[in-house]
Amino acid sequence: MCGRFVSTSTPDAIASHFGATTSIESLGQNFNVAPTHDIYGVVADPAGNKSVQAFHWGLIPGWAKERKIGAKMINARSETITEKPSFRGLVKNKRVIISMDGFYEWKPGSPDGSLNSKGKPLKQPMFVEPIDGKPLAVAGLWSAWKDPTDPEQRWLHSATVITTEANTDMSVIHDRMPVLVPPDRWEEWLDPANADIESLSDLFTARNDGILRLYDVSTDVNSVRNNTPDLTTPISG
């Protein structure tokens, strides 16, 4: 958790929503964003100017020797980000808001329902979307890394999603969810000059109840090869 989400807004639309600017090319609509895909993130400079940038999903620490470590760092638990070596330095001044139109989560399968190839109950995918239809502002961390094997020594920016305990909306299917940043806290969260994590820590425990809508969707989303609008179409149980 969180392992898949939807991103269909253009960079310009995201910039407009978050009061930012952007000059990057569109990543295209993606109805099945998976780890290692490129994603949109909003960051701020010391002057408070916000911009939309592209990030590799799966954080690669600056000290990493290989890119593949990022596949294990798509999420960061809010309870331990100030302790883990990969995150504790970033949480002070490399915070990002990751824009999502919604995300997928899987609820446990029914014992008397369909079985997977291993004979275990097949989990039911659900789409989780904001009731107000606006992009979710998901808290994250970002890092800059140079591949030591790249002769051009180009920078790769990567990001991870911060997760917390599920609120009332999500707890019916999972015990974790992304940390959501309300509009009146965007500036504070993104400010790289604000290294007072204690002042931001209440974001990690905010309930944010009643703002999400959940419904069953097709198991087609289980395969990252599938990437069509109908992945978010509700299905009847």
Side-chain angles (χ1 to χ4, degrees), residues 2-45 47-60 67-68 70-71 73-75 90 94-105 125 127-147 150 152-162 178-181 183 186-187 189-190 192 212-213 217-218 220-233:
C2 166
R4 301 279 183 85
F5 67 91
V6 171
S7 176
T8 61
S9 301
T10 65
D12 286 341
I14 294 172
S16 177
H17 178 67
F18 288 101
T21 61
T22 189
S23 60
I24 64 172
E25 294 184 4
S26 173
L27 300 175
Q29 292 189 324
N30 194 338
F31 295 90
N32 201 355
V33 181
T36 73
H37 286 182
D38 285 342
I39 61 177
Y40 296 117
V42 182
V43 293
D45 64 20
N49 301 307
K50 298 190 294 293
S51 63
V52 178
Q53 305 289 340
F55 295 84
H56 171 87
W57 186 18
L59 192 135
I60 307 171
R67 179 176 179 149
K68 64 181 182 181
M73 297 192 186
I74 64 169
N75 291 166
L90 304 176
K94 284 186 168 53
R95 297 182 297 271
V96 60
I97 286 177
I98 297 168
S99 176
M100 298 183 184
D101 296 327
F103 58 92
Y104 299 100
E105 190 51 80
F127 186 56
V128 184
E129 65 178 1
I131 290 175
D132 65 8
K134 298 177 181 179
L136 292 170
V138 174
L141 303 175
W142 69 275
S143 178
W145 175 77
K146 284 184 178 180
D147 186 342
D150 180 6
E152 297 184 30
Q153 291 288 284
R154 291 165 292 190
W155 287 105
L156 174 65
H157 291 170
S158 60
T160 187
V161 171
I162 301 176
V179 170
L180 304 178
V181 185
W186 291 348
E187 309 286 340
W189 174 255
L190 293 176
L212 300 173
R213 174 170 45 233
V217 293
S218 169
D220 287 348
V221 73
N222 293 351
S223 172
V224 297
R225 292 190 296 270
N226 296 324
N227 189 353
T228 55
D230 58 3
L231 292 181
T232 64
T233 300

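Only heavy atoms go into these numbers, but all of them, side chains included; no hydrogens, no water, no symmetry mates.
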Chemist: To the nearest 0.5 Å, how far apart are CZ in R213 and CZ in F127?
Modeler: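 CZ of F127 is found 9.5 Å from CZ of R213.
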Chemist: Is there a side-chain contact between T22 and S51, using heavy atoms and a 4.5 Å cut-off?
Modeler: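 No, too far: nothing below the 4.5 Å cut-off.
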Chemist: Would you call I14 and P11 a side-chain contact if the rule is heavy atoms closer than 4.5 Å?
Modeler: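 No. Closest side-chain heavy atoms not under 4.5 Å.
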Chemist: Which value, rounded to the nearest 0.5 Å, describes the distance between T36 atom OG1 and R67 atom CZ?
Modeler: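 So the OG1 of T36 and the CZ of R67 are separated by 8.0 Å.
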Chemist: Is there side-chain contact between D220 and L231, with heavy atoms separated by less than 4.5 Å?
Modeler: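 Side-chain contact under 4.5 Å: yes.
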Chemist: Could you walk me through whether L190 and V42 pass side-chain contact (heavy atoms from CB on, under 4.5 Å), step by step?
Modeler: CA-CA 8 Å; L190 293 176; V42 182; 3.9 Å; yes
Chemist: Under 3.5 Å, is there a donor-acceptor pair between the side chain of N226 and the main chain of V221?
Modeler: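 Not confirmed, N226 side chain does not pair with V221 backbone.
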Chemist: Is there a side-chain contact between W57 and F5, using heavy atoms and a 4.5 Å cut-off?
Modeler: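 In short, these two side chains touch, coming nearer than 4.5 Å.
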Chemist: Is there side-chain contact between F55 and V43, with heavy atoms separated by less than 4.5 Å?
Modeler: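 They are in side-chain contact.
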Chemist: Could you tell me which non-hydrogen atom of V6 sits nearest to which non-hydrogen atom of T232, and how far apart they are?
Modeler: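 Closest approach of V6 to T232, heavy atoms only: CG2-CG2, 3.9 Å.
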Chemist: Please determine whether side-chain contact (heavy atoms from CB on, under 4.5 Å) holds for the pair L59 and L141, giving the CA-CA distance in whole Å, both sets of side-chain angles, and the decisive distance to 0.1 Å.
Modeler: CA-CA 8 Å; L59 192 135; L141 303 175; 4.3 Å; yes
Chemist: Walk me through whether T10 and D12 qualify under side-chain hydrogen bond (donor to acceptor under 3.5 Å, both in side chains).
Modeler: CA-CA 5 Å; T10 65; D12 286 341; 5.4 Å; no
Chemist: Would you tell me whether N30 and S7 have side-chain atoms, one donor and one acceptor, within less than 3.5 Å of each other?
Modeler: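 There is no such pair (donor and acceptor under 3.5 Å, judged by atom type) between the side chains of N30 and S7.
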Chemist: Looking at side-chain heavy atoms only, is the closest gap between R154 and D147 below 4.5 Å?
Modeler: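 No - every pair of side-chain heavy atoms lies 4.5 Å or more apart.
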Chemist: Hey, does F103 have a side-chain heavy atom less than 4.5 Å from the side chain of E129?
Modeler: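 SC-SC contact between E129 and F103 ruled out.
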Chemist: Salt bridge (Lys or Arg N to Asp or Glu O under 4.0 Å) with K68: which residues, sequence neighbours excluded?
Modeler: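 Testing K68 for salt bridge (Lys or Arg N to Asp or Glu O under 4.0 Å), a comparison that skips the adjacent residues, returns E66.
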Chemist: In sequence, state the C-alpha distance, the side-chain angles, and the governing distance for F18 and S99, and then conclude on side-chain contact (heavy atoms from CB on, under 4.5 Å).
Modeler: CA-CA 9 Å; F18 288 101; S99 176; 4.0 Å; yes
Chemist: Decide yes or no on side-chain contact (heavy atoms from CB on, under 4.5 Å) for R4 and N32, but give the supporting numbers first.
Modeler: CA-CA 6 Å; R4 301 279 183 85; N32 201 355; 3.2 Å; yes
Chemist: As an exercise, state the distance from CG of L212 to CG of L136, rounded to the nearest 0.5 Å.
Modeler: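 Between L212 CG and L136 CG, I get 6.5 Å after rounding to 0.5 Å.
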Chemist: Side chain of W189, backbone of V96: donor and acceptor closer than 3.5 Å?
Modeler: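 Pair found, side chain donor or acceptor close to backbone of V96.
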Chemist: When you look at W142 and H56, which way does the ring pair (Phe, Tyr, Trp, His ring centres under 6.0 Å) test go after all the steps?
Modeler: CA-CA 9 Å; W142 69 275; H56 171 87; over 10 Å; no
Chemist: Decide yes or no for V128 and Y104: does some side-chain heavy atom of the first lie under 4.5 Å from some side-chain heavy atom of the second?
Modeler: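 No, their side chains stay 4.5 Å or more apart.
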Chemist: Inspect the contact between E187 and K50 and indicate whether a charged nitrogen and a carboxylate oxygen are less than 4.0 angstrom apart.
Modeler: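 E187 and K50: salt-bridged.
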Chemist: Between atom NZ of K146 and atom CD of E152, what is the distance when rounded to the nearest 0.5 Å?
Modeler: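 So the NZ of K146 and the CD of E152 are separated by 11.5 Å.
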Chemist: If you round to the nearest 0.5 Å, how far is OG1 of T228 from CD of Q29?
Modeler: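 The distance works out to 11.5 Å.
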